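These figures come from a predicted structure and were not determined experimentally.
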Amino acid sequence: MSAVPKTAAGSAVRYVSTRGRMSGARFCDVLLGGLAPDGGLVVPQSYPRLDAAELKALRTLSYPDLAYAIISRFVDDIPQDDLAALVRRAYRPETFGSADITPLHTLEPGLHLLKLSNGPTLAFKDVAMQLLGELFEYVLKREGKTLNILGATSGDTGSAAEYAMRGRPGIRVFMLSPHGKMSPFQRAQMYSLQDANIFNIAIRGVFDDCQDIVKAVSGDSGFKNAHRIGAVNSINWARIVAQVVYYFKGYFAATQSNDEQVSFAVPSGNFGNIFAGHIARMMGLPIKHLILASNENDVLDEFFHSGRYRVRTGRETAQTSSPSMDISKASNFERFVFDLVERDPAMVARLWREVEDAGGFNLGETPYWRTIAQYGFTSGRSMHADRIATIRSIKQKYGVIVDPHTADGINVGLKQRESGVPLICLETALPAKFAETIREALGHDPVVPPGYEGLESRLQRVAVMDPDVEAVKTFIAGRSK
Ligand SMILES: *Cc1c(COP(=O)(O)O)cnc(C)c1O
């Protein structure tokens, strides 16, 4: 890796909690965990800043070299050569379909699609999960430990986690999913895995039931410690770091020089993907706007228009045709608010007490809100009819079929596009995962990518259970590593 510029290795990288009661943690300390011990989220003490010469040196790097150059800025407790090897193994052309890993597809001059969905499960979550698989195996081996990953999924996260962890020594995955509620393709992706370290549990209930069971099991510290229960959910810090890389990749692919600005359109749910864009921008990548697209569940769009953050109840959370954005609250959002309130942990703790007590908070009337523009966020909402119309018009104009989530991003992005600023729309899944909506929009099925033919008719392996915490614990206890 001779082309890789100097990294931050050698200078200290430390992590703190957004609520102030954790400091001085290192990357490997926070890698396997979820929330910080005080209930806050883990963030770096400061963001690394790239100067013009450093940014210039990144422009010509291959994806794995670029990934190493970025990720190593956030890690100082894995030897550089080891980290470089882990990154190289995570980002192989065989796994992502091309050497570019996240290729840029130009629809027309100034309008691009950054293709993040060519990994094993055809959604952008593979980009982070594949690295997580390598990191977890490495750190567990080094520390002589094992881990039982427990998670709940409504579709994309569970399959990405299973494909990243399958066959890895020392790791088992117990993934809860709502029985009969995922798309047939998503179900087949997960349940057709025959690896001995993967356990699918279909819960007779909805996603929230699965989530509640995970919370109950993880909240039992005796059980959690005895069975070394871990998580790979969307607040995992390493997942965010891995996602920072493709903002750089997309920027370099869409521009000729680092004097140019671009904007990104990001279909958002738990605020993980677009928060990675925020980090890239804070590091000095010339991003003009981060355009956030919500679907019918518009918690985040409401915030960026008003300063008001109001979490929704289960009943208020709609099931939509872009299901991976169906959120009642955005689990990574606290990380951004930490920056917005000038990194004051007491203020963050106070705001999230208000979330607990009153269901939200309003920063719109505070001095903090006057600084919001400097972060470059804009937002909009995309509804079912917009989604369908966008899938149609993108097909008609460019001959490209996009998935419903990507369509939400494109729809909002095009409305807020500025002339002279290239727009990069993040493609977060392939249409094959959401056949029903594609049929509604186009009157025919999406193409199934090579290698995925017949997926739905493969033998499936899943335990179907009632939403019963004790039964799930018993299941795990009998099979944990
Ligand atoms: C997870 C997901 C999203 C939302 O991403 P966040 O990081 O939660 O904002 C959007 N689209 C697809 C296809 C997803 O799987």
Hey, what's the ring geometry for [X] with [Y], parallel, tilted or perpendicular (30° and 60° as the breaks)?
{"X": "F304", "Y": "F333", "result": "perpendicular"}
{"X": "Y91", "Y": "Y63", "result": "perpendicular"}
{"X": "Y309", "Y": "F303", "result": "perpendicular"}

N295 side chain to S382 side chain, donor-acceptor N/O pair below 3.5 angstrom: no
Modelled atom types, side-chain donor and acceptor of Q186 and D156, under 3.5 Å: yes
[X] and [Y] ion-paired at < 4.0 Å:
{"X": "D445", "Y": "R439", "result": "yes"}
{"X": "R312", "Y": "E302", "result": "yes"}
{"X": "D100", "Y": "K249", "result": "yes"}
{"X": "R370", "Y": "E342", "result": "no"}
{"X": "D339", "Y": "R343", "result": "yes"}
{"X": "R88", "Y": "E134", "result": "no"}
{"X": "D76", "Y": "R14", "result": "yes"}

K433 side chain to T121 backbone, donor-acceptor under 3.5 Å: yes
Take atom [atom1] of [X] as the centre, draw a 6.0 Å sphere, and report whether it contains more than 12 heavy atoms from other residues, nucleotides or ligands.
{"X": "E260", "atom1": "CD", "value": "yes"}
{"X": "Q374", "atom1": "CD", "value": "yes"}
{"X": "E365", "atom1": "CD", "value": "no"}
{"X": "K56", "atom1": "NZ", "value": "no"}
{"X": "E436", "atom1": "CD", "value": "no"}

Six-ring centre of Y163, R166 cation under 6.0 angstrom, axis tolerance 45°: yes
H278/Y375 under ring pair (Phe, Tyr, Trp, His ring centres under 6.0 Å): CA gap, chis, key distance, verdict: CA-CA 8 Å; H278 166 71; Y375 296 99; 5.8 Å; yes
Proximity of F27 and W237 rings by center, below 6.0 Å: no
